[in-house]
Amino acid sequence: MCRYIFEQENIIMSNRKSLHGNWSSRTAFILAVTGSAVGLGNIWKFPYITGENGGGAFVLVYLVCVFAVGLPILMSEILMGRRGRRNPVKTMELLGEEEGNSKHWKWLGLWGIVAGFLILSFYSVIAGWALAYVFKSGSGALAGVSAETISSTFGAHLGDWKSLLFWHTFFMLVTAFIVGRGVQRGLEKAVQFLMPALFILLLVLLLYSMNTGHFMDGVKYLFEPDFDKLSPNSWIIAMGHAFFTLSVGMGAIMAYGAYLPQDTSIGTTAVAVVFADTLIALLAGLVIFPIVIANGLDGGSGPGLIFETLPVAFSQMPFGTLFATLFFILLSFAALTSAIGLIEPALAWIIESFKWSRIKAAAVASIIVWVLGLGTVFSFNLWSGEEYQFFGKTVFDNIDYFASNIMLPLGGMFISIFAGWVMCRVSTSDELGFGTDWRYTSWVWLSRIVAPLAVLFVMLAKFGVIKP
Ligand code: PFF
């Protein structure tokens with residue numbers, strides 16, 4: 001399909017420059033992409049959707065999706081971003097033309113920007129919960145109380161829409177402030193120290209959960225597959241989450257790739273990010289499920305899971321108040337580094353297309369997201385009743401389901417088709433720097449066949465066209 005005619009050797013290597021500056025080093029890029037990948041998806045979402053979908057078999061499908069589908073797409077997004085060196089919409093347009101195809105590929109970039117807005121609208125509200133819990137645990141209100149009290153505190157928190165609105169607003173303001181300042185200042189420095197701190201705190205929690213007496217039950221729950229518990233919907237949720245957790249399918253990584261120095265190896269970087277992200281999610285699961293089992297809690301209780309289980313652990317450990325406060329601070333930071341990834345493609349697009357200043361672009365984009373977020377704020381209180389639900393789900397559930405499980409996988413599928421089929425091998429192998437060895441061949445076939453077909457099958461199964 002590739003129709004790019006290389007008339008001169010020297011046009012093979014792209015020599016475009018990013019308009020927004022570059023990452024200062026390869027480490028900075030790895031940290032930024034890891035910062036975008038590791039977030040609420042790993043610590044809040046992964047445990048609760050695993051609980052809702054029966055454990056082991058779900059985790060297995062998720063892991064296969066992460067490595068066979070997510071990883072090659074992550075590499076494709078980085079390579080396309082670096083080759084285009086523009087915002088995702090312009091990059092898709094440029095590459096579409098340059099590779100002898102159509103400039104209409106730009107719509108794929110726009111699709112990603114819409115997905116990012118939708119995801120950030122609820123992401124910010126949940127990040128707000130984490131922020132509220134910094135203060136709830138810091139005040140000692142959750143120390144030494146029973147699991148039931150902790151659970152009813154969470155219920156009361158959700159019912160208080162003014163508080164949810166306040167924290168959602170606060171989180172969006174901080175996000176707007178940071179992205180308004182630019183790529184390098186602040187962001188790079190923050191992730192450098194926050195990511196390792198979050199990891200260490202999870203290890204401390206792991207020690208606690210090992211002492212609950214139910215650690216092995218938790219391990220079994222996470223790793224013993226029982227395929228009877230898997231519905232066609234579970235497949236689509238596992239696949240959607242693989243995209244969500246790696247931040248792929250919407251151009252976030254493409255936007256980050258645009259700032260990546262030319263000599264950095266894309267393969268090694270992508271593998272490092274996928275391992276770090278998977279490790280953190282599995283660690284979170286290993287912390288949560290033994291606590292759930294030991295306290296007779298319900299692992300399938302939905303989005304409140306970590307807010308109802310982790311405070312139980314903290315309330316029983318020495319220095320629990322301190323650790324709890326620290327944990328929710330770090331979780332809020334992890335959410336912030338992801339929120340930045342969710343909004344950066346839109347910002348880069350607005351700045352390049354309308355020549356607005358970064359600050360103005362950040363303000364306008366954040367206001368749009370803030371308004372959309374009201375739907376999620378009210379989903380847990382004023383609009384929780386059936387009369388406000390569509391397809392039997394709240395506004396929050398619908399936005400999450402549609403953006404994460406439909407928009408991201410479809411976006412990822414087309415990104416994969418573009419990198420695998422539309423781009424010339426000479427361009428992709430030049431960008432990946434693998435030559436034509438087995439690593440390149442694996443990437444090509446995963447991108448051409450495995451990733452697109454996997455998404456297609458899961459979608460067809462979801463809509464009942466085929467039976468898994
Ligand atoms: N990967 C993030 C998480 O797991 O929390 C969510 C996310 C961030 C998705 C950035 C998409 C994105 F562009």
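Remember, it's 1-based here, ligands and their atoms both numbered in the order they're listed. Values in this document were obtained by computation on a predicted structure and should not be read as measured data.
The two residues I266 and M75 come nearest to each other via the heavy atoms CG2-O, 3.9 Å.
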Anything under 3.5 Å between an N or O on ligand 1 and a protein N or O? List each pair with its distance, or write none.
from, atom 1, to, atom 2, distance (Å)
ligand 1, 1 (N), S36, O, 3.1
ligand 1, 1 (N), A37, O, 2.9
ligand 1, 1 (N), F244, O, 2.8
ligand 1, 1 (N), T245, O, 3.1
ligand 1, 1 (N), S247, OG, 3.0
ligand 1, 4 (O), A37, O, 3.0
ligand 1, 4 (O), G41, N, 3.4
ligand 1, 4 (O), N42, OD1, 3.4
ligand 1, 5 (O), L40, N, 3.1
ligand 1, 5 (O), G41, N, 2.7
ligand 1, 5 (O), Y123, OH, 2.5

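Every residue two or more places apart in sequence or in another chain was checked for a side-chain contact (heavy atoms from CB on, under 4.5 Å) with S384, and none qualifies.
Pairs of residues two or more places apart, or lying in two chains, that qualify as salt bridge (Lys or Arg N to Asp or Glu O under 4.0 Å) and include a residue from residues 38-60 are K45-D400.
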Quiz: residues 368-377 side-chain donor-acceptor pairs under 3.5 angstrom, not counting sequence neighbours:
from, atom 1, to, atom 2, distance (Å)
W370, NE1, T169, OG1, 3.0

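Looking only at side-chain heavy atoms (C-beta outward), L95 and N101 stay at 4.5 Å or farther from each other.
Residues T394 and Q389 have side chains that never bring a donor and an acceptor to within less than 3.5 angstrom of each other.
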